[in-house]
Amino acid sequence: MKGERMEAFLRSGRSLLLAYDQGLEHGPSTDFDERNVDPGFVMDIAVKGGFNGVVFQKGVAERFYTGKVPLIVKLNGKSNIPKGEPLSRQVCSVEYAVSLGAKGVGYTIYLGSAHEPEMFAEFGRIQEEAHERNIPAIAWVYPRGAAVTNDTSKETVAYAARAALELGADAAKIKYTGDSASFSWAVKAAGGVKVFMSGGPKAPTDEAFLRQVKGSMDAGATGLAVGRNVWQHNDPIVMTNHLRQIIFENKPVEALLPSLTV
Ligand code: FBP
């Protein structure tokens, strides 16, 4: 991979990204409260928490991106209102994302959906455009649709990671399998593509979430792309600091237990 595309959030061995596209993906009443419905609140967490990148859709980037943390613009998106086989189409060009200051672009592929070919083709064009501009293309690869029976099985998650490699992604955002040993198969299948664990819904306890993060890092992940487990937290910066200690300092979860709230 050309050095120029290795933006800081991928260049440093490890990386922590803050994702905030759930307003489109899930709707405001599902995920947001009075604090985090405000994109400015999340931009502030990205800065104060020292995140390596923040992920916005273009509309949020236009109004709320302050330039203090590398921007990754999600280029496709969908609401959760239509039912059936998921399809997420491009809503922003690579060129426009770059004009907003993007240092990377993201795209969700629903692997296994009946609409998979459309998303493969669209990501294929995006990946080429991103590489022409020397910025990385990050693939959120989420197995989904009637044909997918278990989206976090070892086999399915490894398939997601491998699809990212085969399709030319610079990084893959994939769901955790539930244990480090099985997740390491996904990391191997990714063939050097940087693997980010996807945060998921807010875990029942901080400890439970930190154990997932630790398990993915032990398996060889590059880092974490997290949303709800940080900006839904009572104290997002405290949670971020815990994550930093696991991701960048290799601390065991046990070392953090005394400072965790249940
Ligand atoms: P979370 O950490 O909140 O799960 O964010 C990661 C993310 O990939 C977001 O970028 C995206 O909006 C969301 O998860 C998709 O969630 P779902 O799995 O419900 O489609």
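Order of listing sets the numbers, starting from 1, for every ligand and every atom in it.
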Atom indices of ligand 1 within 4.0 angstrom of [X] heavy atoms, with elements:
{"X": "A19", "answer": "10 (O)"}
{"X": "G199", "answer": "2 (O), 4 (O)"}
{"X": "V226", "answer": "2 (O)"}
{"X": "G200", "answer": "1 (P), 2 (O), 3 (O), 4 (O)"}
{"X": "R144", "answer": "17 (P), 18 (O), 20 (O)"}
{"X": "S198", "answer": "6 (C), 8 (O)"}
{"X": "K175", "answer": "18 (O)"}

Just to confirm my output: which protein heavy-atom neighbour is closest to [atom], and how far is it?
{"atom": "atom 5 (O) of ligand 1", "value": "Q22 NE2, 2.8 Å"}
{"atom": "atom 8 (O) of ligand 1", "value": "Y142 OH, 2.3 Å"}
{"atom": "atom 2 (O) of ligand 1", "value": "G227 N, 2.7 Å"}
{"atom": "atom 6 (C) of ligand 1", "value": "K173 NZ, 3.0 Å"}
{"atom": "atom 13 (C) of ligand 1", "value": "H26 CE1, 4.1 Å"}

Exercise. Hey, does D21 sit under 4.0 Å from ligand 1 if you only count heavy atoms?
Worked result: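 Yes, D21 has heavy atoms under 4.0 Å from ligand 1.
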
Exercise. Only one of D206, L256, V230 forms a side chain to side chain contact (heavy atoms under 4.5 Å, CB included) with L243, so which one is it?
Worked result: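 One option only clears the test, and that one is V230.
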
Problem set entry | Between OG on residue S153 and NZ on residue K175, distance to nearest 0.5 Å |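 Those atoms lie 13.5 Å apart.
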
For this session: Have a look at ligand 1 and work out which part of E25, if any, has a heavy atom under 4.0 Å from it: side chain, backbone, both or neither.
Result: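 Only the side chain of E25 comes within reach of ligand 1.
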
Problem set entry | Per-residue contact class, K74 against ligand 1 - non-hydrogen pairs under 4.0 Å |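 It is neither; nothing of K74 touches ligand 1.
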
Could you tell me whether the side chain of [Y] reaches within less than 4.5 Å of the side chain of [X], counting heavy atoms only?
{"X": "K74", "Y": "E25", "answer": "yes"}
{"X": "T240", "Y": "K48", "answer": "no"}
{"X": "Q22", "Y": "Q232", "answer": "no"}

For this session: Take atom CZ of R35 as the centre, draw a 6.0 Å sphere, and report whether it contains more than 12 heavy atoms from other residues, nucleotides or ligands.
Result: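 Result for CZ/R35: enclosed.
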
Problem set entry | Note: E166-R162 ion pair, threshold 4.0 Å (strictly below) |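 Result for this pair is yes, salt bridge flagged.
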
Exercise. Between E207 and R211, is there a salt bridge with N-O shorter than 4.0 Å?
Worked result: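 Salt bridge flag = yes for E207 with R211.
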
Exercise. Any chance the rings of F196 and W140 have centres within less than 6.0 Å?
Worked result: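 No: the rings miss the under 6.0 Å criterion.
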
Exercise. Using the ring of each side chain (for Trp, its six-membered ring), is F32 parallel, tilted or perpendicular to Y20, with breaks at 30° and 60°?
Worked result: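 Judged by the thresholds at 30° and 60°, the geometry between F32 and Y20 is parallel.
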
Exercise. Backbone or side chain, does any N or O of W231 fall under 3.5 Å from an N or O of ligand 1?
Worked result: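 Among all N and O atoms of W231, none is under 3.5 Å from an N or O of ligand 1.
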
